[in-house]
Amino acid sequence: MISRRRRLSKPKLLVIDDELAIRKFLRASINPTEYDLVEAANGMDGIRLTATESPDLVLLDLGLPDLEGVDVTRRIREWSQVPIIILSARGDEMNKVEALDAGANDYLTKPFGLAELFARIRAALRLSRTTAEEPVVILGALTIDLAAHLVSKEGEDIHLTKTEFRLLAMLAKNLGKVMTHRQLLTEVWGPEYADELHYLRVYTQQIRVKIEDDPAQPKYLITETGIGYRLREQS
């Protein structure tokens, strides 16, 4: 959980997908009392609607008729930090990594379950409401104070090295979002370390020993195999 200000209006979702069947499916599945829905059938219309409709979240297909979804993501990221969840039939790791590196927040492979989709939507919306004035991340018994550089569990302080805290803080600032190996290595160690995957393996294991009840079965710091890591929000 992240402290947040109360939102009064319904979140607006923008679906960018050329498959009419998918748009109809989402239109029928999304509760109009909870979300407003806007649709685009190609990348250019999706970019335009992102600018004019100011959606709270974008659901984006990769295989669009005019632009690749990765290019749409890059174009939107030039001026907006709106959460972007990729919905695509392309399920291989390289497609996922490329989309996440381009700035997408999450990735679901078609066909997907509605329960998981809406859970990902809720998590992305919660993350987007985080503000600089509210820097305390609470995950069940675990508390991460980003401003004070303090971590505690059940009220007991946990000592992290500077590098361990930088890594955990990067994941906490992107709570629920998959962070790729390259993103984490670049942000924590610098671009010259972007390919040093063993750094992440060593430091994530050290962090798990300190914050997890069972480091072999982590419930906070989750591995996304072949892609990166995610700090999972607790229900």
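Residue numbers run from 1 in the order of the sequence given.
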What about [X] and [Y], same hydrophobic cluster or not, with Ile/Leu/Val/Met/Phe/Trp/Tyr joined at side-chain heavy-atom distances under 4.5 Å?
| X | Y | answer |
| --- | --- | --- |
| L125 | L108 | yes |
| Y229 | Y199 | yes |
| L57 | F112 | yes |

Within the structure provided, determine whether [X] and [Y] are in side-chain contact (heavy-atom separation under 4.5 Å).
| X | Y | result |
| --- | --- | --- |
| R230 | L171 | no |
| D18 | N42 | no |
| V72 | T50 | no |
| F25 | L114 | yes |
| L197 | L185 | yes |
| I47 | L67 | yes |
| I222 | L231 | no |

> Does the side chain of D157 pick up a donor-acceptor pair with the side chain of S152 at under 3.5 Å?
Replying inline: no
>> Hydrogens and angles aside, do R201 and T223 bring a side-chain donor and acceptor to less than 3.5 Å of each other?
In response: no
Would the number of heavy atoms belonging to other residues, nucleotides or ligands and lying under 6.0 Å from [atom1] of [X] be above 12?
| X | atom1 | value |
| --- | --- | --- |
| E192 | CD | yes |
| R166 | CZ | yes |
| Y193 | OH | no |
| K24 | NZ | no |

Under 3.5 Å, side chain of [X] to main-chain N/O of [Y], donor-acceptor pair present?
| X | Y | value |
| --- | --- | --- |
| N174 | K177 | no |
| D66 | M44 | yes |
| R232 | Y220 | no |
| T186 | Q183 | no |
| K12 | E53 | yes |
| E212 | L221 | yes |
| Q206 | Y203 | no |
| R23 | D17 | yes |

To the nearest 0.5 Å, tell me how far [X] [atom1] sits from [Y] [atom2].
| X | Y | atom1 | atom2 | result |
| --- | --- | --- | --- | --- |
| E196 | H181 | CD | NE2 | 13.0 Å |
| I158 | L142 | CD1 | CG | 5.5 Å |
| L139 | I211 | CG | CD1 | 8.0 Å |
| W189 | L167 | CH2 | CG | 5.0 Å |
| D56 | I121 | CG | CD1 | 11.5 Å |
| D36 | L13 | CG | CG | 8.0 Å |

[X] versus [Y], closest heavy-atom pair with distance:
| X | Y | result |
| --- | --- | --- |
| A172 | I144 | CB-CD1, 4.1 Å |
| P218 | P215 | CD-O, 3.5 Å |
| A104 | T73 | N-CG2, 3.6 Å |
| V70 | A102 | CG1-CB, 3.8 Å |
| F165 | D145 | CZ-O, 3.8 Å |
| H159 | E164 | O-OE1, 4.4 Å |

> Please walk me through it: do V151 and T143 pass side-chain contact (heavy atoms from CB on, under 4.5 Å)?
Replying inline: CA-CA 6 Å; V151 179; T143 300; over 6 Å; no
Any ion pair linking [Y] and [X] (charged N to carboxylate O, less than 4.0 Å)?
| X | Y | answer |
| --- | --- | --- |
| R208 | D214 | no |
| K10 | E34 | no |
| K110 | E19 | yes |
| E233 | R126 | yes |
| E78 | R74 | no |

> So V38 and V15, side-chain contact (heavy atoms from CB on, under 4.5 Å) or not? Walk me through it.
Replying inline: CA-CA 6 Å; V38 183; V15 177; over 6 Å; no
> Mind checking who shares a hydrophobic cluster with V97, ILVMFWY linked at side-chain heavy-atom distances under 4.5 Å?
Replying inline: L100, V178, I227
> Linking Ile, Leu, Val, Met, Phe, Trp and Tyr through side-chain heavy atoms less than 4.5 Å apart, which residues share a cluster with L20?
Replying inline: none
>> Pair K96, D101 - check salt bridge (Lys or Arg N to Asp or Glu O under 4.0 Å), show working.
In response: CA-CA 8 Å; K96 294 179 180 180; D101 276 340; over 6 Å; no
> Do you know which of V137, L168, L146 makes side chain to side chain contact (heavy atoms under 4.5 Å, CB included) with K173?
Replying inline: L146
> After noting the C-alpha distance and the side-chain angles of L59 and L117, does the key distance pass the side-chain contact (heavy atoms from CB on, under 4.5 Å) rule?
Replying inline: CA-CA 10 Å; L59 299 172; L117 172 62; 4.2 Å; yes
Run the side-chain donor-acceptor check on residues 80-91: report pairs under 3.5 Å with partners two or more places apart or on a different chain.
unit_1: S80; atom_1: OG; unit_2: V82; atom_2: N; d: 3.1
unit_1: S88; atom_1: OG; unit_2: R90; atom_2: N; d: 3.0
unit_1: R90; atom_1: NH1; unit_2: E68; atom_2: OE1; d: 2.7
unit_1: R90; atom_1: NH2; unit_2: E68; atom_2: OE1; d: 3.4
unit_1: R90; atom_1: NH2; unit_2: E68; atom_2: OE2; d: 3.4

> Can you list the steps and then say if E39 with D45 is a side-chain contact (heavy atoms from CB on, under 4.5 Å)?
Replying inline: CA-CA 9 Å; E39 300 175 28; D45 283 347; over 6 Å; no
